[in-house]
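This structure is a prediction, so every number in the text was calculated from the model and none was measured.
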Amino acid sequence: MSLDTQIISLLFSFGYGILVSYLFNLNYNFIYLSSLLYRIAINILFTVDLALVYFLLIKVINFGVIHIYFVFAFLLGFILFVNRYKFLRKIIKVKKYVKIKKSSK
């Protein structure tokens, strides 16, 4: 792989980490404040979708070759920007899950 392709892939991984931190904060209330079954489904769909999009785009850039420093760049982008987008958590409101007890008569 040429150096140009590696640099483009590294910058893409960093930028994708920023995008994932944005989407994580936007979906935070769905991921953590809903019922257990709903949380499991949302987490699986969220993770699988983001991973598939990443792999499809990295395949376009460098034929699907993933190095460990791409993962580090992704994590660095996510960690640096996750707190910057915390204001997005207030945009979408989710009612807290309340378990309703059935009364016995």
Side-chain angles (χ1 to χ4, degrees):
M1 181 180 342
S2 68
L3 184 61
D4 294 339
T5 307
Q6 287 183 8
I7 291 173
I8 292 170
S9 300
L10 193 66
L11 291 175
F12 168 74
S13 294
F14 183 77
Y16 197 74
I18 295 170
L19 177 70
V20 169
S21 70
Y22 177 82
L23 293 174
F24 171 77
N25 280 310
L26 195 60
N27 293 319
Y28 181 84
N29 292 332
F30 289 119
I31 295 171
Y32 290 109
L33 299 179
S34 55
S35 69
L36 181 63
L37 184 61
Y38 194 62
R39 278 189 283 181
I40 291 170
I42 291 294
N43 276 320
I44 290 171
L45 289 174
F46 186 70
T47 305
V48 168
D49 287 344
L50 290 175
L52 285 175
V53 169
Y54 178 77
F55 288 126
L56 287 173
L57 292 174
I58 207 77
K59 185 177 180 185
V60 170
I61 294 171
N62 67 0
F63 305 109
V65 178
I66 298 176
H67 295 283
I68 190 71
Y69 50 85
F70 295 161
V71 176
F72 289 144
F74 171 80
L75 291 174
L76 183 66
F78 181 81
I79 290 169
L80 288 177
F81 285 87
V82 74
N83 289 330
R84 186 163 294 188
Y85 295 124
K86 274 190 176 179
F87 68 91
L88 293 172
R89 295 178 183 180
K90 297 175 186 170
I91 292 175
I92 298 177
K93 298 292 182 191
V94 176
K95 291 182 181 178
K96 274 205 158 186
Y97 175 72
V98 178
K99 200 172 204 178
I100 299 172
K101 294 182 181 181
K102 292 184 179 183
S103 61
S104 59
K105 289 185 177 182

Legend entry - ring-ring contact (aromatic ring centres under 6.0 Å, His included) partner of Tyr22, the single match among Tyr85, Tyr16, Phe78: Tyr85

Inset, instruction - Could you check if a side-chain atom of Val20 sits within less than 4.5 angstrom of a side-chain atom of Phe74, using non-hydrogen atoms only? - result: yes

Inset, instruction - Give the cluster check for Phe12 versus Leu75: same hydrophobic cluster or not, with ILVMFWY residues linked at side-chain heavy-atom distances below 4.5 Å. - result: yes

Legend entry - Distance in Å, Asn29 CG paired with Ile91 CD1, rounded so as to fall on 0.5 Å steps: 10.5 Å

Inset, instruction - For residues Ser21 and Phe81, report the shortest heavy-atom separation together with the two atoms involved. - result: OG-CB, 3.5 Å

List the atom pairs, with distances to 0.1 Å, where a side-chain N or O of residues 39-54 and a protein N or O form a donor-acceptor pair under 3.5 Å, not counting sequence neighbours.
| residue | atom | partner | partner atom | Å |
| --- | --- | --- | --- | --- |
| Arg39 | NE | Ser34 | O | 3.2 |
| Asn43 | ND2 | Arg39 | O | 3.1 |
| Thr47 | OG1 | Asn43 | O | 2.8 |
| Tyr54 | OH | Ser13 | OG | 2.7 |

Inset, instruction - First locate atom OG of Ser35, then atom CG of Leu37, and finally report the distance between them rounded to the nearest 0.5 Å. - result: 6.0 Å

Legend entry - Asn25 to Val82 - nearest heavy-atom pair and separation: ND2-O, 2.7 Å

Legend entry - Residue pair Phe70 / Val65, side-chain heavy-atom distance below 4.5 Å: no

Legend entry - Within-4.5 Å side-chain heavy-atom neighbours: Ile31 and Phe24: yes

Legend entry - ring-ring contact (aromatic ring centres under 6.0 Å, His included) partners of Tyr32, counting only residues at least two apart: Tyr28

Inset, instruction - Find the distance between CE (Met1) and CD1 (Ile61) and round it off to the nearest 0.5 Å. - result: 10.5 Å

Inset, instruction - May I ask you to decide if the ring planes of Tyr69 and His67 are parallel, tilted or perpendicular, using 30° and 60° as cut-offs? - result: parallel

Inset, instruction - With sequence neighbours left out, write down each residue that passes ring-ring contact (aromatic ring centres under 6.0 Å, His included) with Phe55, or none if nothing qualifies. - result: none

Inset, instruction - Decide whether Leu3 and Leu11 are clustered together by the hydrophobic rule: side chain heavy atoms of Ile, Leu, Val, Met, Phe, Trp, Tyr closer than 4.5 Å, transitively. - result: yes

Legend entry - Crowding at CZ, Phe87 (>12 non-hydrogen neighbours, <6.0 Å): yes

Legend entry - Distance, nearest 0.5 Å, that separates CG of Leu23 from CD1 of Ile18: 12.0 Å

Inset, instruction - Verify side chain to side chain donor-acceptor pair (under 3.5 Å) between Asn62 and Ser9, making sure each step is shown before the conclusion. - result: CA-CA 7 Å; Asn62 67 0; Ser9 300; 3.1 Å; yes

